[in-house]
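Accompanying notes for the structure given below.
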Amino acid sequence: MIVPNIAQSAVAVADHYDELDPIYRRVWGEHVHHGLWVTGRETPSEAVEALSSSVADRLHLVPGEACVDIGCGYGSTARQLARTHGVRVIGFTLSAEQAHYAARQPAADVEIHLRDWLVNGMSDASVSAAWAIESSEHMVDKPAFFAEAYRVLSPGGRFVVCAWLAESDSSKWKVRHLLEPICREGRLPSMGTREEYEAMAIAAGFEIVGYEDVSRQVARTWTICARRAVRALLLDREARRLAIGGRNRVFLLTLPRLILAYRTGAMRYGIFTLSKKRENGT
């Protein structure tokens with residue numbers, strides 16, 4: 001597990017997203033996650049929706065099901081899947097700015113809560129499906145992240161996790177100059193490997209149904225974000241103010257680092273499909 005040399009917390013994560021809210025929506029968009037280029041011809045907006053659709057496909061969503069979006073950001077994925085699959089979604093975010101924005105975009109069958117997933121307050125076995133798109137990285141206690149998902153899922157429930165992953169057996173150079181700084185600058189308490197994620201999922205009680213490394217299909221996200229960031233700094237006074245004096249301005253440094261991390265293989269992007277056994281063991 002890659003752990004930065006400064007402590008991170010849920011409060012630090014919330015502050016990061018609250019302060020950088022204007023830049024995130026300008027640079028990354030309302031989905032706040034990678035795009036997935038399946039054909040290579042998708043626009044950036046089509047690519048981010050393609051990633052959400054890919055998650056829904058793995059979950060085999062059924063109309064009317066209750067679902068949970070762990071680390072829902074602005075609620076865009078929750079709204080997309082509620083609209084396209086007829087499911088009911090409860091989303092959780094640490095960021096007050098994200099929750100306020102989501103409240104201004106109301107959608108049928110979507111509820112967004114400003115609450116830490118690790119103390120979510122949901123009832124046992126209350127949802128049929130769950131997903132976490134690039135939010136597990138921000139969890140201080142990753143085993144508890146999986147344990148809570150297992151607890152709230154009903155028997156037979158499905159769970160998909162899209163995660164930034166550290167390369168297994170990364171060199172000291174990659175850890176020191178890429179992975180540890182990415183964790184510090186992006187407010188990630190830690191970054192796990194595929195093997196560590198699978199071990200934590202199994203320890204929580206999940207079965208591993210599938211895993212796919214889509215690093216090649218998502219890496220284009222960061223060159224797009226870098227171009228948008230430069231444009232924002234040139235044209236947007238608020239972006240320049242945050243870049244010069246913001247508490248979380250160091251995040252801008254991680255954009256070129258992320259591009260290099262993907263190109264060198266130091267960082268991977270994995271999609272885990274997990275399931276909770278039914279009571280009869282099937």
Side-chain angles (χ1 to χ4, degrees), residues 31-39 42 45-73 75-93 107-113 117 120 122-136 145-165 194 197-215 217-218 268-282:
H31 276 267
V32 203
H33 61 62
H34 282 67
L36 180 70
W37 278 265
V38 179
T39 68
E42 294 89 350
S45 59
E46 289 171 341
V48 293
E49 291 195 357
L51 181 62
S52 298
S53 295
S54 177
V55 168
D57 292 342
R58 287 171 167 81
L59 289 167
H60 302 293
L61 296 176
V62 176
E65 281 189 313
C67 308
V68 62
D69 185 341
I70 304 169
C72 64
S76 294
T77 297
R79 291 190 293 273
Q80 177 185 335
L81 300 193
R83 181 182 70 253
T84 58
H85 289 75
V87 293
R88 296 177 288 113
V89 186
I90 299 173
F92 291 89
T93 178
D109 296 321
V110 175
E111 297 178 21
I112 305 299
H113 296 278
W117 170 247
N120 58 75
M122 294 185 69
S123 302
D124 293 356
S126 56
V127 297
S128 300
W131 60 84
I133 304 179
E134 302 173 36
S135 60
S136 61
F145 156 78
F146 283 103
E148 278 299 291
Y150 189 86
R151 182 184 66 80
V152 305
L153 279 168
S154 58
R158 292 89 64 203
F159 185 29
V160 170
V161 180
C162 298
W164 302 14
L165 301 171
R194 171 190 175 178
Y197 264 65
E198 290 182 340
M200 289 185 287
I202 290 169
F206 284 108
E207 287 190 84
I208 310 296
V209 175
Y211 172 79
E212 186 177 1
D213 185 320
V214 294
S215 304
Q217 294 100 306
V218 304
R268 315 301 301 170
Y269 192 102
I271 303 179
F272 300 86
T273 305
L274 314 173
S275 69
K276 179 176 179 175
K277 287 183 180 180
R278 297 185 184 275
E279 293 176 356
N280 62 5
T282 60

**OP:** Please examine the side chains of Arg158 and Arg58, heavy atoms only from C-beta on, and report whether any two atoms are closer than 4.5 Å.
**Re:** no
Original post:
Can you tell me if Glu134 uses its side chain to pair, donor with acceptor, with the backbone of His34 under 3.5 Å?
Top reply: yes
**OP:** Apply side chain to side chain contact (heavy atoms under 4.5 Å, CB included) to Val89 and Trp131, showing your working.
**Re:** CA-CA 10 Å; Val89 186; Trp131 60 84; 3.8 Å; yes
Subject >> Ser52 OG to Leu81 CG distance, which is reported to the nearest 0.5 Å >> reply: 6.0 Å
Original post:
Taking only residues at least two apart or on different chains, which pairs with a member in residues 80-90 satisfy side-chain hydrogen bond (donor to acceptor under 3.5 Å, both in side chains)?
Top reply: Ser53-Gln80
Subject >> Parallel, tilted or perpendicular: rings of Phe206 and Phe146 (30°, 60°) >> reply: perpendicular
Subject >> Val62 vs Ser128, side chain to side chain contact (heavy atoms under 4.5 Å, CB included): CA-CA, chis, key distance, verdict >> reply: CA-CA 9 Å; Val62 176; Ser128 300; over 6 Å; no
**OP:** Using side-chain hydrogen bond (donor to acceptor under 3.5 Å, both in side chains) as the criterion, list what pairs up with Asp57, not counting sequence neighbours.
**Re:** none
**OP:** Test Cys67 against Val127 for side chain to side chain contact (heavy atoms under 4.5 Å, CB included), laying out the working first.
**Re:** CA-CA 5 Å; Cys67 308; Val127 297; 5.7 Å; no
Original post:
Ring centres of Phe159 and Phe145 under 6.0 Å apart?
Top reply: yes
Original post:
Heavy-atom distance under 4.5 Å between the side chains of Leu51 and Ile271, does that happen here?
Top reply: yes
Subject >> Stepwise side chain to side chain contact (heavy atoms under 4.5 Å, CB included) check, Leu274 with Ile208 >> reply: CA-CA 5 Å; Leu274 314 173; Ile208 310 296; 3.3 Å; yes
Original post:
Does a side-chain heavy-atom distance below 4.5 Å link Val218 with Trp164?
Top reply: no
Subject >> Nearest non-hydrogen partners of Met122 and Arg151, listed with the distance >> reply: O-NH1, 2.8 Å
Original post:
Atom CG of Asp124 and atom CD of Glu148: how far apart are they, to the nearest 0.5 Å?
Top reply: 8.5 Å
Original post:
Considering residues at least two apart in sequence or located in another chain, which fulfil the ring-ring contact (aromatic ring centres under 6.0 Å, His included) criterion with Phe92?
Top reply: His113, Trp117
Subject >> Any side-chain donor near an acceptor of the partner, His33 and Ser76, under 3.5 Å >> reply: no
